[in-house]
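These notes concern the structure reproduced below.
Values below: every heavy atom of this structure, side chains too, minus hydrogens, waters and symmetry copies. In what follows, residues are counted from 1 in the order of the sequence shown.
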Amino acid sequence: LAPWRQQPDERTSVSTNISEHHYFKQNLPDSLRFDSELEPYSEVKIFMEWPEKLRGKVPEALQKEIINLAFNDSVNDINTVVANRVKQPIFYEDVPSVTQEEVDSIPQEYSSFLSINVMPSYMGDRVYTYNIGLSNYMLGAAHGLESRQTVCYDLKLEKVIMLDDLVADRDKMVELIKSAIEADYG
């Protein structure tokens, strides 16, 4: 078993693997098409190790934060959030004239894509840490975008650990970091 699944505690931790991979033909009006030569296809990949229970308790605050960061959504049911993300045309979520139909594959080299990856990276006695990776590319853009975020969860307090929980004086912290950078790099 992977280290994050091994629990020395008799209370169990349960994760659900969520894996979605879909291809779509997007139906765009001509005014939204970047290139008349390239058909607008998209690919959506979601892979998550969803924390159902951590040490015998449902980590609601952690689940809510993961949904917020990975999907920018406030719905509390992960299955609903994933289904909603898959059915919406990526980059055109708020454009009613854009629809999509699922296809078996994409018959060209380039397409728009969205990838969401959520995995635990550290599971200690008191703190669990999850990494959230997002990457996307819109057909015709110069390059894609990628972001990585980390969420730390305190098992004892049953809350997401925020920067304010760790640092009392942010201004002082910023000054310390600036001083260290200036000392090392001039």
Side-chain angles (χ1 to χ4, degrees), residues 1-20 44-88 90-91 93-94 113-138 141 143-186:
L1 288 176
W4 58 83
R5 292 197 185 131
Q6 295 173 352
Q7 299 299 327
D9 197 314
E10 70 275 0
R11 292 170 292 168
T12 59
S13 292
V14 179
S15 294
T16 300
N17 287 325
I18 297 173
S19 182
E20 298 282 338
V44 177
K45 294 189 283 189
I46 299 171
F47 182 74
M48 303 177 72
E49 180 110 7
W50 180 250
E52 296 284 346
K53 285 187 176 186
L54 298 180
R55 304 277 169 92
K57 296 179 182 179
V58 176
E60 292 179 23
L62 175 62
Q63 291 174 341
K64 185 177 181 177
E65 188 69 8
I66 289 171
I67 288 173
N68 178 49
L69 293 173
F71 297 94
N72 194 28
D73 204 326
S74 60
V75 174
N76 289 330
D77 177 58
I78 189 61
N79 294 318
T80 301
V81 171
V82 169
N84 287 344
R85 176 64 272 175
V86 169
K87 75 179 182 183
Q88 297 173 356
I90 60 173
F91 302 112
E93 295 87 343
D94 299 324
F113 73 83
L114 170 67
S115 176
I116 300 172
N117 190 339
V118 178
M119 294 296 293
S121 59
Y122 174 78
M123 293 189 151
D125 291 334
R126 173 133 184 210
V127 174
Y128 279 25
T129 302
Y130 277 76
N131 288 331
I132 301 167
L134 306 173
S135 59
N136 63 52
Y137 170 76
M138 184 175 193
H143 55 81
L145 297 173
E146 187 170 311
S147 70
R148 302 253 178 243
Q149 298 179 62
T150 301
V151 178
C152 296
Y153 181 74
D154 185 317
L155 293 162
K156 183 177 179 183
L157 298 177
E158 298 181 31
K159 67 176 254 173
V160 173
I161 301 170
M162 304 303 284
L163 184 59
D164 289 340
D165 297 327
L166 304 172
V167 178
D169 186 346
R170 280 191 183 201
D171 292 334
K172 187 174 182 178
M173 182 190 70
V174 168
E175 285 305 316
L176 287 170
I177 292 170
K178 280 183 181 178
S179 296
I181 291 171
E182 288 172 3
D184 288 347
Y185 301 102

Nearest-0.5 Å distance that lies between atom [atom1] in [X] and atom [atom2] in [Y]:
X	Y	atom1	atom2	answer
Leu62	Thr129	CG	OG1	9.5 Å
Met162	Cys152	CE	SG	10.5 Å
Ile18	Asn79	CD1	CG	5.5 Å
Gln149	Asn68	CD	CG	8.5 Å
Lys45	Asn136	NZ	CG	12.5 Å
Arg170	Asp164	CZ	CG	4.0 Å

Write down the atom of [X], the atom of [Y], and the distance for their closest heavy-atom approach.
X	Y	value
Leu134	Leu69	CD1-O, 3.7 Å
Met48	Ile46	CG-CG2, 3.9 Å
Tyr153	Ala61	CE1-CB, 4.2 Å
Asp125	Arg55	O-NH1, 3.3 Å
Met119	Phe47	SD-CE2, 3.3 Å
Phe71	Ile116	CE2-CD1, 3.5 Å

Quick test of your reading of the model: are Glu65 and Lys159 salt-bridged, counting only N-O distances below 4.0 Å?
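Judged by the 4.0 Å cut-off on N to carboxylate O distance, Glu65 and Lys159 do not form a salt bridge.
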Quick one, [X] and [Y] - any side-chain contact, counting heavy atoms below 4.5 Å?
X	Y	value
Asn17	Glu49	yes
Ile67	Ile78	yes
Trp50	Val82	no
Lys178	Val174	yes
Arg85	Asp73	no
Arg126	Leu157	yes
Met123	Leu54	yes
Tyr128	Pro51	no

Are there over 12 heavy-atom neighbours, none belonging to Asn72, within less than 6.0 Å of that residue's CG?
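At most 12 heavy atoms, drawn from other residues, nucleotides or ligands, come within 6.0 Å of this atom.
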Atom CD of Glu146 with >12 non-hydrogen neighbours under 6.0 angstrom
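For Glu146, atom CD is crowded (more than 12 foreign heavy atoms under 6.0 Å).
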Check side-chain contact (heavy atoms from CB on, under 4.5 Å) between Lys53 and all other residues, then give those that pass, not counting sequence neighbours.
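With neighbours one apart ignored, the set is Val14, Val58.
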Is it the case that the side chain of Glu93 and the backbone of Phe91 share a donor-acceptor pair, with hydrogens and angles ignored and the cut-off at 3.5 Å?
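Side chain of Glu93 to backbone of Phe91, a donor-acceptor pair under 3.5 Å: yes, one is there.
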